[in-house]
Amino acid sequence: MSQTLDRALRILPLLAGGPASLEQTARHIDAHKSTALRLLRTLHEHGMVYRQPDQRYRLGSQLFALAQEAVEQLDVREIAQPHLLRLNELTGHTVHLAIREDDQVVYIDKVESRYPVRMYSRIGRPVAITVAAVAKVLLADLPVAEQRAVARRLTYPRYTSRSVTGPSALLAELATAREKGWATDFGGHEESINCLAAPVHGHDGRVVAALSVSAPGVLADERAVLALLPEVRATARAVTDDYAGRVPPAAAGRAPATPTKAHTAAHMSAPDAPGEGATPETSASPTRKGDTA
């Protein structure tokens with residue numbers, strides 16, 4: 001990188017912390033004031049910085065406009081898809097991607113299990129928000145006051161004996177999910193389905209989506225699904241890095257290309273075909289709104 005470009009780029013993080021004078025800018029980039037002034041004038045001409053009446057400089061409107069336009073062009077589904085496919089290939093189980101829309105959580109992508117037992121979740125359909133693992137991850141990122149308001153507005157169907165039964169129970173689940181950085185649903189919507197979810201973060205650190213692995217208990221019990229936590233979290237970090245435009249440390253934050261010890265352990269008790277009581281191609285009634293994940 002040329003020295004001129006390097007110095008110009010170093011000015012922007014300085015001004016992100018607040019307005020700075022010419023002298024402060026020159027000292028920050030280790031250059032003479034005449035050099036700093038030329039750089040500031042060029043950035044000013046392009047709208048990247050703005051000279052205030054007090055002669056200090058701050059970030060310019062054009063920089064914010066470009067950032068906003070870039071954010072609006074991001075498609076988390078498109079960015080996440082290769083990572084979802086890799087996680088599905090690694091685990092063999094159904095992988096979902098979901099986002100929050102007001103008081104609903106909706107699937108925006110799904111990769112089917114390679115096993116004969118399938119789920120009736122569909123892209124575009126809402127999840128069971130009071131029990132789904134992806135919903136817990138998304139709601140856990142909200143400010144506590146907003147969590148409480150949402151919890152009060154929701155209804156609480158009793159899908160199974162493990163379903164969340166009311167606002168207090170849901171808020172406790174969200175607190176746990178926030179503390180751990182991931183969430184589960186072990187039979188809360190359907191006795192036979194186990195789910196594990198992790199968050200995808202945007203450039204500002206807020207959760208923009210949640211991804212999950214879902215499996216019928218006949219293929220993976222609670223212990224087996226929890227053993228997949230390293231892979232699920234690594235996948236979520238990889239999607240976050242791509243979505244937020246961050247360059248992760250070498251060989252870090254990526255879902256492994258080959259099965260790990262955790263993956264092997266997770267499938268020690270999982271048969272290659274449905275066991276007794278499982279129905280090929282379905283594990284739920286087709287009338288339900290969507291299985292948890």
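The residues of the chain are indexed from 1 along the displayed sequence. The structure displayed is predicted, hence computed values, not measured ones.
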Would you sort out whether D242 and H83 count as a side chain to side chain donor-acceptor pair (under 3.5 Å), showing the intermediate values?
-> CA-CA 10 Å; D242 283 356; H83 300 287; 2.7 Å; yes
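- Of all heavy-atom pairs spanning R77 and L97, the tightest one is CA-CD2, 3.8 Å.
- Under the 3.5 Å distance criterion, the side-chain polar atoms of Q24 are matched with a main-chain donor or acceptor of S21.
- Between the side chain of T160 and the main chain of G187, a donor-acceptor pair closer than 3.5 Å is present.
- With contacts defined as side-chain heavy-atom distances shorter than 4.5 Å, the pair L63/V49 does not qualify.
- Within the 4.5 Å cutoff, no side-chain heavy atoms of L59 are placed close to those of M48.
- Linking ILVMFWY side-chain heavy atoms closer than 4.5 Å, directly or via other members, places I123 and V76 in two distinct hydrophobic clusters.
- Nearest approach of E191 to S161, heavy atoms of both residues: OE2-OG, 3.5 Å.
- Atom OH of residue Y57 and atom OG1 of residue T25 lie 8.0 Å apart, to the nearest 0.5 angstrom.
- Take L229 and apply the side-chain contact (heavy atoms from CB on, under 4.5 Å) test, not counting sequence neighbours, and it matches W182, L196, R233.
- Side-chain heavy atoms closer than 4.5 Å link hydrophobic residues (I, L, V, M, F, W, Y) into clusters, and following such links, even through other members, never connects Y50 to L14.
- To the nearest 0.5 Å, atoms NE2 (H46) and CG (L66) are separated by 11.5 Å.
- One finds a salt bridge joining E222 and R162 here, because a Lys/Arg side-chain nitrogen approaches an Asp/Glu carboxylate oxygen to under 4.0 Å.
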Distance-only check: which donor-acceptor pairs under 3.5 Å involve side-chain atoms of residues 28-41, not counting sequence neighbours?
from	atom 1	to	atom 2	distance (Å)
H28	NE2	R10	O	3.3
H32	ND1	S34	N	3.0
H32	ND1	S34	OG	3.0
T35	OG1	R38	NH2	3.4

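- The two atoms that bring A198 and V232 nearest to each other are CB-CG1, 3.8 Å, heavy atoms only.
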L87 and L211: side chain to side chain contact (heavy atoms under 4.5 Å, CB included), yes or no, with the steps?
-> CA-CA 10 Å; L87 182 61; L211 62 82; 4.2 Å; yes
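- No side-chain heavy atom of T235 sits under 4.5 Å from any side-chain heavy atom of L90.
- Taking a cutoff of 4.0 Å between a charged side-chain nitrogen and a carboxylate oxygen, D141 and R206 qualify as a salt bridge.
- One finds a salt bridge joining R100 and E146 here, because a Lys/Arg side-chain nitrogen approaches an Asp/Glu carboxylate oxygen to under 4.0 Å.
- Taking the six-membered ring for Trp, H201 and Y243 have ring centres at least 6.0 Å apart.
- Of the inter-residue distances, the one linking K110 atom NZ with T94 atom OG1 reads 5.5 Å to the nearest 0.5 angstrom.
- Residues passing the salt bridge (Lys or Arg N to Asp or Glu O under 4.0 Å) test with D54, sequence neighbours excluded: R56.
- Taking the six-membered ring where the residue is Trp, H96 and Y107 present parallel rings, their angle staying beneath 30° rather than reaching 60°.
- A chain of hydrophobic side-chain contacts below 4.5 Å, direct or via other Ile, Leu, Val, Met, Phe, Trp or Tyr residues, connects L43 to L22.
- When the side chains of ILVMFWY residues are joined at heavy-atom separations under 4.5 Å, either directly or via intervening members, V144 and V207 end up in two distinct hydrophobic clusters.
- Of the possible polar contacts, one joining the N88 side chain to the E112 backbone as a donor-acceptor pair under 3.5 Å is found.
- The line from CZ of R148 to CG of L174 is 11.5 Å long, rounded to the nearest 0.5 Å.
- The closest donor-acceptor contact from the side chain of S113 to the backbone of G92 lies under 3.5 Å.
- Here the CG atom belonging to L154 is positioned 10.5 Å from the CD atom belonging to Q104, to the nearest 0.5 angstrom.
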Please step through side chain to side chain contact (heavy atoms under 4.5 Å, CB included) for the pair V105 and I99, ending with a clear verdict.
-> CA-CA 6 Å; V105 171; I99 61 171; over 6 Å; no
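- The heavy-atom pair separating A215 from H93 by the smallest distance is CB-ND1, 3.6 Å.
- Checked by atom type and distance alone, the side chain of E190 never pairs as donor or acceptor with a backbone atom of G188 at under 3.5 Å.
- Of all non-hydrogen atoms in V127 and A132, the two that sit nearest each other are CG2-CB, 3.8 Å.
- Around CD of Q52, the count of heavy atoms belonging to other residues, nucleotides or ligands within 6.0 Å exceeds 12.
- What you find for A183 and V137 is that their closest heavy atoms are CB-CG2, 3.7 Å.
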For D185 and I193, run side chain to side chain contact (heavy atoms under 4.5 Å, CB included): C-alpha distance rounded to whole Å, both residues' side-chain angles, the deciding distance at 0.1 Å, then the answer.
-> CA-CA 8 Å; D185 169 29; I193 302 297; 5.8 Å; no
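- One finds the CG atom of L170 at 10.0 Å from the OG1 atom of T165 (value rounded to the nearest 0.5 Å).
- Within a 6.0 Å sphere centred on CD of E179, other residues, nucleotides and ligands contribute 12 heavy atoms or fewer.
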Side chain to side chain contact (heavy atoms under 4.5 Å, CB included) between L142 and Q147, intermediate numbers included | CA-CA 6 Å; L142 298 175; Q147 288 182 20; 3.9 Å; yes
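- Side-chain atoms of K136 come within 3.5 Å of backbone atoms of T184 as a donor-acceptor pair (strictly under, hydrogens ignored).
- V95 and V106 sit in two unconnected hydrophobic clusters of ILVMFWY residues. Membership requires side-chain heavy atoms under 4.5 Å apart, directly or through other members.
- Under a 3.5 Å cut-off, the side chain of N194 and the backbone N or O of A220 do form a donor-acceptor pair.
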